[in-house]
Amino acid sequence: MQRRAEPAAALLVACALRIERAALRSGGERGAPDGYAVLRTGMGPRAADLAVARALAGPGGDRTAVLATGFCAGLVPGMNPGDLIVAEETRDPRGTVTCDGTALLAEALARAVPGAAVHLGALIGSDHVVRGQERAQLRATGAIAVDMESAATLWTATRGARGALDRRGPVAAVRVIVDAPEHELVRIGTVRGGISAFRVLRAVLPAFFDWHRSSLLPRR
């Protein structure tokens, strides 16, 4: 007997690391929509591709709202740990995905995390941790931040295995800067000290829920 696929979540928040998932869960789920789920994909674009494809395989997966989040590296001088990145688009070698409701999401984040700087722009994907001169090279492409999973998450969420735009659910990416040109980390484990990036990430869920509710409103 063939096993029936489980229904997909109504709002899927995807992150890569245990510490990112811990931050999100410690923020509480008050106001979460029915069908909300946090997915830990594992590190890197391939892991994100596989995990998101599985999560969206159930009934309703084409309508699931998908939001990629976690930590990232800022590319622009003057950025600081704890600053927020709202992606207007994500890019990787496969192409570009345009994000939905970015202005409303940025406003909701400003309410959820008062005092945190919110930057809007292009978020670029990499298959490795970016350091040194490579930051400047990526910034020259017009990107303002880089991480390893957001672009893969949104590409798979919108294109799936067939590589063609085939779904109706909104997508977005919000990242918290954990290192920047003047604040470069030696290793990701440095995050584990309750630094500003962790505190900001644990506070963002109300903004994600606001974004999801706004995505359900009729388009004008």
Side-chain angles (χ1 to χ4, degrees), residues 9 11-27 29 36-52 55 65-75 79-92 97 99 102 105-106 108-109 112-113 116-130 138 143-157 171-180 183-185 187-209 211-212:
L11 170 60
L12 184 69
V13 175
C15 61
L17 304 175
R18 287 190 182 94
I19 193 166
E20 293 168 341
R21 183 174 62 183
L24 292 166
R25 288 182 170 175
S26 68
E29 298 182 359
Y36 160 69
V38 174
L39 171 70
R40 179 177 168 245
T41 64
M43 285 184 68
R46 178 167 173 76
D49 278 335
L50 294 173
V52 173
V66 177
L67 196 153
T69 195
F71 303 126
C72 71
L75 300 177
M79 288 180 165
N80 294 290
D83 286 4
L84 284 154
I85 300 293
V86 176
E88 295 178 318
E89 63 183 29
T90 59
R91 306 173 186 165
D92 71 7
V97 175
C99 297
T102 54
L105 183 52
L109 286 165
V113 195
V118 181
H119 308 273
L120 282 78
L123 180 60
I124 196 164
S126 173
D127 62 2
H128 59 277
V129 175
V130 173
L138 292 177
I144 65 170
V146 57
D147 76 277
M148 291 193 286
E149 297 83 25
S150 293
T153 293
L154 299 198
W155 181 269
T156 299
V171 295
V174 172
R175 290 274 168 174
V176 182
I177 292 176
V178 73
D179 69 335
H183 305 276
E184 189 165 318
L185 291 180
R187 61 188 185 280
I188 193 66
T190 308
V191 174
R192 294 180 180 274
I195 62 171
S196 56
F198 184 92
R199 294 196 297 268
V200 170
L201 187 58
R202 71 180 296 183
V204 297
L205 280 178
F208 295 176
F209 301 154
W211 171 80
H212 179 256

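If you're wondering where the values come from, they're calculated on a predicted model, not measured in any experiment.
- For the residue pair Asp83 and Met79, the shortest heavy atom distance occurs at OD2-CA, 3.6 Å.
- Of all the heavy atoms in Ala48 and Ala152, the pair that sits closest is CB-CB, 4.1 Å.
- The nearest pair of heavy atoms linking Ala106 to Leu120 is CB-CD1, 3.7 Å.
- Here Leu205 contributes atom CG and Leu24 contributes atom CG; the two are 5.0 Å apart, rounded to the nearest 0.5 Å.
- Of the possible polar contacts, none joining the Ser150 side chain to the Ala68 backbone as a donor-acceptor pair under 3.5 Å is found.
- Under the 4.5 Å side-chain criterion, counting only non-hydrogen atoms from C-beta, Glu88 is not in contact with Cys99.
- Between Ile85 and Val174, the closest side-chain pair of non-hydrogen atoms is not below 4.5 Å.
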Does the pair Phe208 and Leu109 meet the rule for a side-chain contact (heavy atoms from CB on, under 4.5 Å), with working shown? CA-CA 8 Å; Phe208 295 176; Leu109 286 165; 4.3 Å; yes
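- Within the model, atoms OG1 of Thr90 and CH2 of Trp155 stand 9.0 Å from one another, a figure rounded to the nearest 0.5 Å.
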Show, in sequence, the C-alpha distance, side-chain angles and deciding distance for Phe71 and Ile19, and conclude whether the side-chain contact (heavy atoms from CB on, under 4.5 Å) test is met. CA-CA 10 Å; Phe71 303 126; Ile19 193 166; 3.9 Å; yes
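- Here the straight-line distance linking atom OG1 of Thr153 with atom CG of Asp49 works out to 7.5 Å at 0.5 Å rounding.
- Minimum heavy-atom separation, Ile177 to Ala197: O-CB, 3.7 Å.
- Between Leu138 atom CG and Arg91 atom CZ the span is 10.0 Å, to the nearest 0.5 Å.
- Annotation: the span from Arg25 atom CZ to Arg18 atom CZ amounts to 11.5 Å, rounded to 0.5 Å.
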Starting from the C-alpha separation in whole Å, work towards a yes-or-no answer on side-chain hydrogen bond (donor to acceptor under 3.5 Å, both in side chains) for Arg175 and Thr69. CA-CA 5 Å; Arg175 290 274 168 174; Thr69 195; 5.7 Å; no
Working note: Glu89 + Val97, criterion side-chain contact (heavy atoms from CB on, under 4.5 Å); need CA distance, chi angles, decisive distance, verdict. CA-CA 5 Å; Glu89 63 183 29; Val97 175; over 6 Å; no
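- The shortest side-chain heavy-atom distance between Val200 and Leu84 falls under the 4.5 Å cut-off.
- With values rounded to the nearest 0.5 angstrom, Asp147 atom CG is found 11.5 Å from Cys15 atom SG.
- When each of Leu50, Thr156, Asp127 is paired with Pro45, the side chain to side chain contact (heavy atoms under 4.5 Å, CB included) condition holds for Asp127 and for no other.
- Considering every non-hydrogen atom in both Ala145 and Cys72, the closest pair reads CB-SG, 4.0 Å.
- The backbone N or O of Ala16 lies less than 3.5 Å from a partner atom in the side chain of Arg40, making a donor-acceptor pair.
- The minimum heavy-atom distance linking Ala112 with Ala203 is given by the pair CB-O, 3.7 Å.
- Residues Leu75 and Ile144 have side chains not in contact (no heavy-atom distance under 4.5 Å, counting atoms from C-beta outward).
- In this structure, Glu149 contributes its side chain and Gly44 its backbone to a donor-acceptor pair below 3.5 Å.
- Between Val113 and Val204 there is a side-chain heavy-atom pair separated by less than 4.5 Å.
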Could you walk me through whether Asp92 and Ile124 pass the side-chain contact (heavy atoms from CB on, under 4.5 Å) check? CA-CA 6 Å; Asp92 71 7; Ile124 196 164; over 6 Å; no
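- For Phe209 and Tyr36, the ring centers are positioned less than 6.0 Å apart.
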